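Reading through the structure tokens given below for one structure.
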Amino acid sequence: MSERYVSALQEIDRSQVALVGGKGAHLGELSRIEGVRVPAGFCVTTDAFRRIMAREPSVEAQLEELARATPDDREAIRTLSARIRRTVEEIAVPEDIAAAITGALARLGEQEAYAVRSSATAEDLPTASFAGQQDTYLNVVGPAEVLRHVRRCWASLFTERAVTYRQRGGIDHRTVHMAVVVQRMVFPHASGILFTADPVTGNRRVATVDAGFGLGEALVSGLVNPDVLTVRDGEVVSRTIAAKQRAVLALPDGGTQETAVEAERQKQPALTDAQAVELVRLGRLIEAHFGSPQDIEWCLVDDGFHIVQSRPITTLFPVPARDDEDRHIYVSVGHQQMMTDAMKPLGLSVWRHTAMVPMAEAGGRLFVDVTRRLASPASRAALLDLMGKGDPLVRDALETVLDRDDFVLPLPETGPGGPPTRTASAPAAASAPAAASARAAASAPAAASAPPPAPAPAPIATDPAIVTGLIERNEASLAALERDIRTKAGPELFDFLREAFGEHKRVLTDPLNLPVIMAGMEATWWLNDKLHEWLGEKNAADTLTLSAPDNITSEMGLALLDVADVVRARPEVVEFLQGVEDEGFLDELPKLAGGAEARQAIEAYLDRYGMRCVGEIDITRPRWRERPTTLVPVILDNVRNFEPGAARRRFEEGRLKAERKEQEVLSRLRALPDGAHKADETKRMIDRVRTFIGYREYPKYGIISRYFVYKQALLAEAERLVRAGVLAERDDCFYLTFEEFRDVVRSNELDHRLVQERKEAFRAYQALTPPRVLTSDGEAVSGAYRRDDVPDGSLVGLAVSAGTVEGRARVVLDMADADLEAGDILVTAFTDPSWSPLFVGIAGLVTEVGGLMTHGAVIAREYGLPAVVGVEGATRLIRDGQRIRVHGTDGYVEILA
């Protein structure tokens, strides 16, 4: 195939990114849209760039050196990138490339003024805009100057900012090439940027126009504050007219100049309302053509608007697909499940197959559509109450949307019995037990108001045998799954798994499952309600639930203390573990003195808990059994921070503390009017809590145990596909849905482009922050705490475990990186059950995500740790090592001097 050095814009479409870069491909595509005016021009292609780079072999070695630098090594990046830029700028342009460029200029007009603009192949992509990373030169006049600035654009691929941006995005510099766009200049009265969706809220119905006088450089460089106009449904709904004191104008002989704007013009609007509405109309055409919200650069000249760039807005959270034009409101599943990270397609697919409620998908996360429940006044009140007790920010976000005049809900569905009046089930719960705990949370008294009447506990006998029976039935079902799946392979495995997903749901909907969980939770709320009313004591149940039996998650943390006891007694093992990096370390342990016993203890722990991991609702995440090195830092922390027998002592201390609390409460109640009756009723509720509250954690354990069995079988199929040459690597199966994986197994065929596209999308989704509430208009609504009862400067959250503690903050984003000392306060984004081994060694907990009934809150109460969850931006606002004070009873965190 012959090399092509120049392409006219009208010959280019969006498929030619590899040839003309992102900007060039978008401009070529823009020029094809009827009604959209794009200045004439051409692209100097990446073929020319590769030819140039090949003329200087030293560049390849310099790129190798640059690839070895880390994104944080600013000095190395600065030095190496400057050296590469100098080398590229000094390369002579071959005669045939120069002739192609000057020939294209002759066809457009040699002495016209041009904009010479960089267009890299990793630029203006759906997942990364790279806006402003390479250079643009305006008002370039004459062929010699155009050639010189083309060379400068090539070199700008290696600006320090562009190199750092690529390294942070994991993009290899050697895979990125530079094209150059050369366009006839337009000399506008006004220019600016149009966002076809609100870049802050994400609302797709709202467009934002930034406008200033002269060339757009004044805006993008921050030289002036622009006028800002907001347009919704063809009408300007808000406007801010700035004092535009400076403008950038073109000079007659080339180049640009910053100029003062006359005082009488500074406060004049750069656009009329009618012009802004017309610009947004054009923007909607462009958005519809590209299929996503756009960031558009525009210029206004005498004869109308010219579009000089359009790129995707990459920071918006995607909107779930729907099959109607109605307005919808979605609530995040991840905020309920303590896993707000993006999930891979197989993880999303399997969770949806095993969930108890229908779910929508967007941005690698799952959401539940609560629109119909909100449409009915009866179910709306119940849903808002439920959400408010679980996570006040979700309730506030929902109310924020509902309070708007422009958001009209559909009419409530009615059946033969009239409008629905039943209580809404938990919208984001993915299982019956999660729904139960969320419903129980709805009964909790509001901390800052008089408690409502306590709910009646679920009608179930206080009998430990009920919990034992549930656990035994779950374990029997799991054993049957493990036995039966061993004989299944190929398409038969997927048919078997579809049946197993049905059994998965049947286990979760055991008739006693929901009543048991609700009995424990409702009794907890009854105690908090009544003891606050009768004794004036907040959150008394937090102490009464300490060391409750049958809590699989708290037992998991204590069991790792027992493992540490075995390791601690063997110094050679301790020393070995301090240098462990390879996942095969367990096989090396028997070679050490005492290593066989240490291995046996760790293996026993993995047999019981090895299916767990951070983000465990995503089946694709590596389990502890697959990556046991994750546990090594925690074991070593336990060796360092605890004495032998700590697990037994801690559990017994908690049990005795709960027992003493029970005696104290009952004694105080008996001294009240009608005290005997109040004490008897309270004793019955304490017994109920002690019997049932621990089971709250078991169903999730059962779900994840089954997930690990599913995963092992699916990975065996993936390995067979690798051996057959169908999959490039085993983990590629994670980027397929369950149905797509089944089809690949049946056909032994795979579109590898699909896997690559899914990997790129997943990387982009990882960078997004999922909202608690999302509308079908694309608006991400986070909610806010409406409180004035906390000290100034404090970080507000939700009180989930009583007590106050002061200590050193340890900001930990990955459990494997934890390095904790006794008395530290763990600050992290979220905690699921896999974090509980860390809880035994800390003094308090602060998380960005969470609610009253999420796992971190439950285990914090179980261990008696003061905890505040739902603290927006905690890992950013609290620095690692700072001293903080956690007010677990009142729900706020103080950062201390």
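All residue numbers in this chain count up from 1 along the given sequence. Everything quoted here is computed from the prediction, not taken from an experiment.
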I'd like to know whether [atom1] of [X] has more than 12 heavy-atom contacts from other residues, nucleotides or ligands below 6.0 angstrom.
X      : atom1 : value
Arg649 : CZ    : yes
Arg787 : CZ    : yes
Arg883 : CZ    : yes
Lys759 : NZ    : yes
Arg74  : CZ    : no

Straight-line distance of [X] [atom1] to [Y] [atom2], nearest 0.5 Å:
X      : Y      : atom1 : atom2 : result
Leu366 : Met339 : CG    : CE    : 9.0 Å
Thr828 : Leu838 : OG1   : CG    : 9.0 Å
Leu544 : Asn528 : CG    : CG    : 8.5 Å
Arg772 : Asp391 : CZ    : CG    : 4.5 Å
His887 : Leu795 : NE2   : CG    : 11.0 Å
Leu393 : Leu398 : CG    : CG    : 11.0 Å

Using atom types as modelled and distance alone, determine if a side-chain donor or acceptor of [X] lies under 3.5 Å from a backbone N or O of [Y].
X      : Y      : answer
Thr775 : Glu779 : yes
Ser801 : Leu865 : yes
Arg808 : Gly881 : no
Arg861 : Val800 : yes
Ser547 : Phe651 : yes
Thr847 : Gly850 : no

Are [X] and [Y] close enough that a side-chain donor and a side-chain acceptor fall under 3.5 Å?
X      : Y      : value
Thr854 : Gln336 : no
Glu537 : His532 : no
Ser834 : Glu616 : no
Thr201 : Asn203 : no

query: Can you list the residues that meet the salt bridge (charged side-chain N to carboxylate O under 4.0 Å, His left out) rule with Asp880, with sequence neighbours excluded?
result: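 With neighbours one apart ignored, the set is Arg810.
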query: Should Glu848 and Thr875 be marked as a side-chain hydrogen bond (donor to acceptor under 3.5 Å, both in side chains) after you check the CA-CA gap, both sets of side-chain angles, and the distance that decides it?
result: CA-CA 7 Å; Glu848 295 180 336; Thr875 59; 2.7 Å; yes
Step-by-step salt bridge (Lys or Arg N to Asp or Glu O under 4.0 Å) determination, Asp819 to Arg640: CA-CA 11 Å; Asp819 181 16; Arg640 184 174 66 250; 3.3 Å; yes
field: side-chain hydrogen bond (donor to acceptor under 3.5 Å, both in side chains) evaluation trace for Thr629 with Glu583
entry: CA-CA 6 Å; Thr629 54; Glu583 298 299 342; 2.5 Å; yes
Cation over ring face, Arg650 and Tyr863, 6.0 Å, 45°: yes
query: Would Glu653 and Lys657 satisfy salt bridge (Lys or Arg N to Asp or Glu O under 4.0 Å), going step by step from the backbone distance to the final call?
result: CA-CA 6 Å; Glu653 286 167 2; Lys657 193 172 181 180; over 6 Å; no
task: Might you work through the salt bridge (Lys or Arg N to Asp or Glu O under 4.0 Å) test for Glu659 and Arg655, ending with a clear yes or no?
output: CA-CA 6 Å; Glu659 191 176 281; Arg655 189 188 66 78; 3.1 Å; yes
field: Geometric class of the Trp624/Tyr605 ring pair [parallel <30°, tilted 30-60°, perpendicular >60°]
entry: parallel
message: Parallel, tilted or perpendicular, judged at 30° and 60°: which one describes the rings of Tyr330 and Phe367?
response: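 Ring orientation, 0 to 90° scale: perpendicular.
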- line: For Trp351 and Ile703 the tightest heavy-atom approach is CZ3-CG2, 4.1 Å
task: Evaluate the criterion salt bridge (Lys or Arg N to Asp or Glu O under 4.0 Å) for residue pair Asp890 and Lys538; output intermediate values, then yes/no.
output: CA-CA 9 Å; Asp890 297 309; Lys538 277 187 180 181; 3.1 Å; yes
query: Taking the six-membered ring for Trp, are the ring centroids of Phe762 and Tyr765 within less than 6.0 Å of each other?
result: no
field: Under-4.0 Å salt bridge between Asp562 and Arg648
entry: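 Between Arg648 and Asp562 there is no salt bridge, as every charged N stays at least 4.0 Å from the carboxylate O atoms.
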query: Given the rule in the side chain to side chain contact (heavy atoms under 4.5 Å, CB included) test, do Val634 and Met815 qualify, once you have shown the distances and angles that lead to the verdict?
result: CA-CA 8 Å; Val634 190; Met815 179 178 158; 3.9 Å; yes
